[in-house]
Amino acid sequence: DAGVTQSPTHLIKTRGQQVTLRCSPKSGHDTVSWYQQALGQGPQFIFQYYEEEERQRGNFPDRFSGHQFPNYSSELNVNALLLGDSALYLCASSPDRGGYGYTFGSGTRLTVV
Amino acid sequence: AQSVTQLDSHVSVSEGTPVLLRCNYSSSYSPSLFWYVQHPNKGLQLLLKYTSAATLVKGINGFEAEFKKSETSFHLTKPSAHMSDAAEYFCVVRAGRSSNTGKLIFGQGTTLQVKP
């Protein structure tokens, strides 16, 4: 049973560029959440997608946007990259019903230079 | 608003000695609390969860935590540390009173060092 798959694992971008990160949820999970983990910090909630809609959003600017596809996979897009966007981006999937079941992926390490 | 505070940023123990990682929480209602572990260059792994059942929660790899409402604490313990326990540990509270998929609010993390 595959867990949460994220791609790519590492990425280097230049300030001002745009980036797209991808996440495939665990089988049976229909909700996808994204977190940003800066170096030496705990993960911070970016947003959550369910039924292809953004259901919850954390305190992140509009440069951060996302999408969920009919197969429940998800993308995180970041526009106009800043040096401060350098972080590990974690995707977590969960079932909307049926008890606690967050599963995290291994993350995408984004470096902005 | 809910929050968690991890009281130690770094804990160092010798192999075979007990581990104690401290966490205090703030919540206006009975919280759902978790401990996660993150090994270098790896994702987050759930160690254990408290969701208002038994106050002493047993997790994987010999870890356990006790929910103490009077002290607003949820400390993580293990009787005997192994070298493989060296990692970053996060205390987490789930936002939302009854939401199964409420966002997770993480503490700042505690780095556990295990010396041979």
Side-chain angles (χ1 to χ4, degrees), chain A residues 2-7 9-10 23-26 28-51 53-60 68 72 74 87-109, chain B residues 1-10 21 23-25 30-53 57 59-60 74 76 87-113:
Chain A
V4 176
T5 303
Q6 292 187 242
S7 63
T9 55
H10 295 81
C23 173
S24 293
K26 182 178 179 178
H29 287 185
D30 54 8
T31 302
V32 174
S33 303
W34 288 91
Y35 290 79
Q36 180 195 65
Q37 185 178 15
L39 199 62
Q41 304 291 319
Q44 300 281 320
F45 175 76
I46 303 175
F47 44 53
Q48 183 183 90
Y49 276 83
Y50 173 68
E51 291 189 338
E53 302 260 339
E54 183 183 287
R55 181 160 64 176
Q56 301 179 64
R57 189 178 182 91
N59 188 24
F60 278 80
Q68 186 179 34
Y72 308 122
S74 177
L88 179 67
Y89 288 85
L90 295 163
C91 172
S93 71
S94 53
D96 185 61
R97 300 177 188 276
Y100 180 82
Y102 275 103
T103 300
F104 279 84
S106 297
T108 294
R109 173 72 64 187
Chain B
Q2 292 168 293
S3 65
V4 288
T5 302
Q6 293 183 244
L7 302 177
D8 307 290
S9 59
H10 189 99
L21 305 183
C23 173
N24 287 349
Y25 70 90
S30 183
S32 294
L33 293 162
F34 313 88
W35 276 97
Y36 278 84
V37 62
Q38 186 176 38
H39 288 93
N41 301 314
K42 296 286 181 65
L44 293 158
Q45 182 183 22
L46 178 66
L47 282 177
L48 49 81
K49 61 181 185 281
Y50 167 77
T51 54
S52 73
V57 182
I60 61 172
F74 189 58
L76 182 70
E88 190 78 11
Y89 290 79
F90 293 98
C91 181
V92 181
V93 64
R94 185 173 65 198
R97 185 186 293 269
S98 60
S99 170
N100 185 47
T101 53
K103 69 178 183 182
L104 300 181
I105 300 168
F106 286 76
Q108 290 292 92
T110 298
T111 302
L112 176 63
Q113 179 187 24

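Here is how names work: the chains are called A, B, and so on, in the same order as the sequence lines, proteins then strands, and each is numbered from 1.
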- prompt: If you take all heavy atoms of B/Lys103 and A/Gln56, which pair is closest and at what distance?
  reply: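 Result for this residue pair: N-OE1, 3.7 Å.
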message: Quick check: closest heavy atoms across B/Phe90 and A/Gly42, and the distance to 0.1 Å?
response: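 Shortest heavy-atom separation between B/Phe90 and A/Gly42 comes out as CE2-CA, 3.4 Å.
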message: Restricting to side chain to side chain contact (heavy atoms under 4.5 Å, CB included), what partner residues turn up for A/Tyr89, sequence neighbours left out?
response: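 Partners of A/Tyr89 by the side chain to side chain contact (heavy atoms under 4.5 Å, CB included) criterion, ordered by chain and then number, come out as A/Leu21, A/Gln36, A/Ile46, A/Phe64, A/Leu76, A/Asp85, A/Ala87, A/Leu110.
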Are more than 12 heavy atoms, taken from residues, nucleotides or ligands other than [X], located less than 6.0 Å from that residue's [atom1] atom?
| X | atom1 | result |
| --- | --- | --- |
| A/Tyr72 | OH | no |
| B/Ile60 | CD1 | yes |
| A/Gln44 | CD | no |

- prompt: So which part of B/Gln45 gets closer than 4.5 Å to some heavy atom of chain A, the side chain, the backbone, both or neither?
  reply: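 For B/Gln45, neither part sits under 4.5 Å from chain A.
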query: Below 4.5 Å, heavy atoms only, C-beta onward: do B/Val92 and A/Tyr102 meet side chain to side chain?
result: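 With C-beta onward as the side chain, the pair stays apart.
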Near-ring test B/Phe106/A/Tyr35, centroid separation under 6.0 angstrom: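 Yes.
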query: Which bit of A/Gln6 is near chain B, if near means a heavy-atom gap under 4.5 Å: side chain, backbone, both or neither?
result: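 It is neither, since no heavy atom gets under 4.5 Å.
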